[in-house]
Protein chains: 2
Amino acid sequence: MGSLDRSLIAGLSVFEGLAATDLDRIVGQARSLRIAKDQPVFEQEQEAHSFFLLLDGHVRVVKSTPDGHEVTVRYISPGELMGIAHALGRTTYPANAIAAVDCVALAWPSHLWPTLAANFPSFSANTYKTVGSRLQDAHTRVIEMSTEQVDQRVAHALLKLVKQTGKKTEEGILIDFPISRQDIAEMTGTTLHTVSRLLSAWEDQGLVKSGRQKVTVVEPHRLLLIAEGRAEKS
Amino acid sequence: MGSLDRSLIAGLSVFEGLAATDLDRIVGQARSLRIAKDQPVFEQEQEAHSFFLLLDGHVRVVKSTPDGHEVTVRYISPGELMGIAHALGRTTYPANAIAAVDCVALAWPSHLWPTLAANFPSFSANTYKTVGSRLQDAHTRVIEMSTEQVDQRVAHALLKLVKQTGKKTEEGILIDFPISRQDIAEMTGTTLHTVSRLLSAWEDQGLVKSGRQKVTVVEPHRLLLIAEGRAEKS
DNA sequence: CGACGCCTTGACGTTTATCAACCCTCGTGG
DNA sequence: CCACGAGGGTTGATAAACGTCAAGGCGTCG
């Protein structure tokens, strides 16, 4: 499998600035694995034995609250790291990670992190850069939840997904994995009912096309107006 | 300034695991500064020239949105790092930091970070551990905003402040810096009106005592019940 | 002493969750 | 191959939670 993987991997931003031999040395210590749709990659509170690099597929990261609510923290796309608890001084995973579709990933034993970080400074710097942008994302999310109405938050979430995983089709830009109203609700802190109503309304206005576990954004620009609260109400 | 500072500093968790000479080497490269109440330590979008260690006082970290809302990200207490944008691959500060009271801090030029991190691995590990717990905090905040009602969030915020900066008094535990209804509103994503009503109601029930820019928690345990949604409505 | 900043409280309206009922469609097993 | 069942989606009615608007009080600092 080596060579196919390597060509896929070399261009990833996690490995930016690494010499080819270093890259081989790092990747050589990983095992590759596949995760079937709806199977967990890792689970909340579990011992963080490995960290992962998603090569193909999409993974949903979810936190469960004691009282049964589920909040989706983020979706992981190919090329992104996940489960890097160890780099942040944690010994357990902070959330559940579930394959939204069949996935392929590389996994490193967590105990390798200190050595890898010490030997390959640009690998470590790249990693912390993604940590930084996740912290940023989380704060953005807090701000959205604090200051925006539900329709704005849902619009923002759709646009983020489109940017992350959008795939051009004849009808518009499709979010490239199965996503339900419930999923969107868990990303935006609302209920599937409200999401359903919003999508219905937007479909009537020609902004989106949606179906069973499928959303296509037809007019990103108008959706952005809603996201920014600069759209007159219907 | 050396000796007085050093005894204060040696016990801080950021410096855990460092030899005394290493600590001197690190602290020796910092300059100490004082910030007057209501003055900025650093500002959003500004070039991140330095990172800081708060020695005394309290700093409020706030993000401003384009449309004029302000969201308080966190309060920094003595012993905590702030402005560590550089360690996360950013070149500008992500938020405003404002002294809630007169403060004392150490400041290192940001460009020292890579060398410090490389030379003192436990310093770097400690730093990333605090980054990890802030990421954690941010996610907790998102979850609270997604699943809890305003009264629960305000109760949680007060309890967090009490834990962070609580000072025992005869009447209960006092939050040890001036904090207005507006400030609490900005932490919890609500309005000063709602916070005022809640505090009034809680005061009637003997849970808290509050006055101008001052909150004392009298019965943390009952407040926790509210925070967890396990309290019957008045 | 006056004015500004902070706090309080009432009345009202909107947003959005909740409750309830129903439809559609896809996949599975008889 | 068809029937049916579960999971996903839609939509209406209702009500609660909370923001908004408005007015006024109180204390503190210049």
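In what follows, every chain begins at residue 1, and chains take the letters A, B, ... in the order their sequences are listed. Only a predicted model underlies this, so the values are computations on that prediction, with no experimental measurement involved.
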With respect to the side chain of A:Ser180, which nucleotide from D:dG8, C:dT16, D:dC18 is positioned closest? D:dG8
Under 4.0 Å between a side-chain N or O of A:Thr190 and OP1 or OP2 of C:dT16? no
What is the distance, rounded to the nearest whole Å, between atom CD of B:Gln149 and atom P of C:dT15? 19 Å
Roughly how many Å is it from CD in A:Glu186 to P in C:dA17, rounded to a whole number? 14 Å
Starting at CD1 of A:Ile179 and ending at P of D:dG9, how long is that distance when rounded to a whole Å? 10 Å
Between C:dT14 (P) and A:Glu148 (CD): distance, integer Å: 21 Å
Between A:Gln164 and A:Tyr75 (side chain of the first, backbone of the second, donor and acceptor by atom type, cut-off under 3.5 Å), is there such a pair? yes
Separation of C:dG27 atom P from A:Lys37 atom NZ, nearest Å, is 9 Å
So if I take every side-chain heavy atom of B:Gln213 and compare against D:dG8, D:dA17, C:dC6, which nucleotide ends up nearest? C:dC6
A:Asp102 side chain to A:Lys37 backbone, donor-acceptor under 3.5 Å: yes
Answer yes or no: is there a donor N or O on one side and an acceptor on the other, between the side chain of B:Ser196 and the main chain of B:Leu192, under 3.5 Å? no
C:dC6 P sits how many Å from B:Asp183 CG, rounded? 9 Å
Of the nucleotides D:dA17, C:dT9, D:dG9, which one has an atom closest to the side chain of A:Ser196? D:dG9
Is there a donor on the side chain of B:Arg181 or the base of C:dG5 sitting less than 3.5 Å from an acceptor on the other? no
Could you tell me whether B:Lys209 atom NZ has more than 12 heavy atoms of other residues or ligands within 6.0 Å of it? no
Quick one: on DNA chain D, does A:Glu203 or B:Arg153 contact a more 5' nucleotide (nearest heavy atom)? A:Glu203
Check the side chains of A:Thr191 and A:Thr194 for a donor-acceptor pair under 3.5 angstrom, ignoring hydrogens and angles. yes
I want to verify a distance call: between D:dT20, C:dC7, D:dG19, whose nearest atom is closest to the B:His193 side chain? D:dT20
Counting side-chain heavy atoms from CB outward, which of C:dC6, C:dT16, D:dG7 is closest to B:Arg212? C:dC6
Length of the line joining A:Lys214:NZ and C:dT25:P, which is rounded to integer Å: 13 Å
Just to confirm, is there a sub-4.0 Å distance from OP1 or OP2 of D:dG19 to any side-chain nitrogen or oxygen of B:Thr194? yes
Give a yes or no on whether a donor-acceptor pair under 3.5 Å exists between the nucleobase atoms of C:dT18, that is its base, and the side chain of A:Arg197. yes
Indicate the atoms forming the closest heavy-atom contact of A:Arg153 with A:Glu148, along with that distance. NH1-O, 3.1 Å
In this structure, how many angstroms lie between the C1' atom of D:dT11 and the CG atom of A:Leu198, rounded? 13 Å
Phosphate oxygens OP1/OP2 of D:dT11: is one of them under 4.0 Å from a side-chain N or O of A:Ser200? yes
Short side-chain N/O contact to D:dG8 OP1/OP2 from A:Gln182, under 4.0 Å: no
Side chain of A:Thr191: nearest nucleotide among C:dT8, D:dA17, C:dT18? C:dT18
